[in-house]
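Below is one structure, written out as structure tokens, with a few remarks after it.
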Amino acid sequence: MSGAVLALLTCTGTVRAEDGYALWMRYTPLESALVADGRRPLPEVQAPDQTATQRAARTELVRGLAGLPGNALLAQSTVATLPALVLGTPQSSTLIAPLRKEMDSLGEEGYLLRRTRMQGRDVVLVAAPRDIGVLYGVFHLLRLLQTGASLDALALRESPRMRLRVLNHWDNLDGHVERGYAGRSLWDWQTLPEWHDPRYTDYARANASVGINGTVLNNVNASAQSLAPDYLDKAATLADMFRPYGIRVYLSVRFSAPIELGGLNAADPLDADVQRWWQHKADEIYARIPDFGGFLVKANSEGQPGPQDYGRSHAEGANLLADALAPHGGVVMWRAFVYAHDVPADRATQAYTEFAGLDGAFRPNVILQVKNGPIDFQPREPFHPLFGAMPRTPLMMEVQITKEYLGFATHLVYLGPLYEEVLQSRTHARGQRATVAQSLTGMAGVANIGTDRTWSGSHFDPANWYAFGRLAWNPYQSARDIAADWAAMTFSPDPEVVQPIVGMMMDSREAAVNYMTPLGLHHLMARGHHYGPGPWVDGGPRADWTSVYYHRADRDGIGFDRTARGSNAVGQYAPEVAARYGDLARVPEPLLLWFHHVPWDHRMASGRTLWDELVGRYSQGVRQVKAMQATWERLEGRVDAQRHAQVTAFLRIQLREAQWWRDASVAYFQSVSGRPLPAGEIAPPHPLAWYQHLQFPSAPGDGR
Ligand code: GCV
């Protein structure tokens, strides 16, 4: 090997991708030398390049092909034996035009991939009714190449199962990201609209690669300022950069903006001046962003203004905005995350109580955005009772990709299994065995993206962004398969790398549940920033911001009685679900303490008492992290040193914090139950008070 090639290889090894920036679009040659030498020919690409999306598709494909010479499809020694790659729509390619009929049912975003012969030539087709489908198809083809899939009999048809696949950025205009653990906001409002940071394009590429087709730029705790003309100009620049990748821009709006920006006295949805203000605002936005997606709204929730300030309903509030957007084709994503401090009812019941009766009262362009569970993105929650309960209202499911309640970015917790668990939950709506996935028009993911070089704060957190996109495209895919694709693309397609990594990922969520909130416990994190354990949290401004409100532990037992004898939250589910969750003998153990207050002596499936089981689960969570560490250690040398080192360090942090969670929780619950530790369990090294006095005033990502 010549010195020049060696130098290039060395340079490739350190500069390229190993800092995580390339995410899963890491078209890294296993055989860099061959590229450098120019000994491997690249296949012919026939692709139109008249529109920005066509150019994006072509550029991405060429970039991927140049980087992936090790793939079987490309492992040919002459151009003549390589298949040609033909991209296009019936309008853009005469070769694709004959497929028009076949593509009728693919919809606006679908595509087909096919290996065939054309004019005597071996070809791989990426064909779609629209340019955006071609781009999605190119990313799919690249995924197949990256993961080493055989393309011999390639014949795939793909269309998204959900219309809206949207990221929600909780980014403030000053660059702080609420519940963000990946640095500052990606949007540099200060240098927009002049500076077009190339990172914005890479962001769009990453999203398009998994089919995400919308982004809400700003926090749901919104500043009215986002709607001011100068900020609209900035948002328009982002929209221009995202458009070729099929991504529409949306904005979170503050319901009282007509007062703060417009100088009106009120924001009453039935007031004609208010209605006019929103209509003009919509016109102003669409003049700059013709394909603007619409508004996301958090109203009358956690102190945000809303229609109820004027005695109006959520439907009246949502319809006000929907009417302003309708002439332009925009939608309103109205959040169902509401709970009031002056309502004594179980917080888990409040959204349903507020919204179920409004089914049918919303305009057609309103979509109700409902969190996956009835409380707030906990490590495990049952599905939200509104899924399946509003047949006349389009619903989106909101999940957190950022890990506010799951150890922040430093804990390796793959969320694919969490999303899958909710999507596959059976709602039994109207007597059918329907799943949550079947009730959805879209999915929204609270982004875990920031200026960190890895984008998401660690090398494993992008897997959650990736899994969100893949499941929003098709909620019936398996989290395990998605993890395998991601691991192959992110680290290496070598099965000896993929299998152990997938094993770690698939165990990781259950590990976190065990060391934080086992058996259906929830909301036990420290107050405010949610960093670390706080099962003792009590008092303060509102009961439902404390831990004791949720676990209700006393000398006799633990858990929130949500059966008919208690808050009757089970009554908000379909009868089949209510019967199962409400019955101590039938409730799944992972949700036991969510729905039942149970004596410490209760016998669990394992034969242990509840108390022994609880302590055992906490310790098991710690052991699971140790197992992840051991697996990762064995991958040394198979994963590049730079990324291996950071993951190693972060797993050390995770282990320390898992142990902290276990010790603090065991110390606290023991102080309540007064029971001895089960045989073999080690006593926490510090007294309870030590854990209770830990303070973290500078924990990242706090709300403000
Ligand atoms: C954006 C939780 C978070 C808040 C967040 C809120 C919401 O309460 O802690 O930071 O606010 O959810 O989803 O609106």
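We count ligands from 1, going down the list as the structure has it; atoms in each ligand are counted the same way. Because the structure is predicted, anything quoted here is derived from the model rather than measured.
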Query raised in the report: Does any N or O in the side chain of T435 come within less than 3.5 Å of the main-chain N or O of R426, such that one atom is a donor and the other an acceptor?
Result: no
Requested in this report: Please identify each residue that fulfils side chain to side chain contact (heavy atoms under 4.5 Å, CB included) with V537, with sequence neighbours left out.
Outcome: R527, T546, S547
Requested in this report: Non-hydrogen atoms closer than 4.0 Å to ligand 1: which protein residues do they belong to? List them by chain and number, please.
Outcome: W170, E178, R179, N219, V220, N221, K298, E302, R335, F337, K371, D376, E404, Y405, H530
**Report entry** Verdict with supporting geometry, W187 and Y203, ring pair (Phe, Tyr, Trp, His ring centres under 6.0 Å)
**Finding:** CA-CA 11 Å; W187 324 131; Y203 164 87; 5.1 Å; yes
Would you say the ring centers of [X] and [Y] fall short of 6.0 Å from each other?
| X | Y | answer |
| --- | --- | --- |
| H411 | Y515 | yes |
| W189 | Y231 | yes |
| F595 | F560 | no |

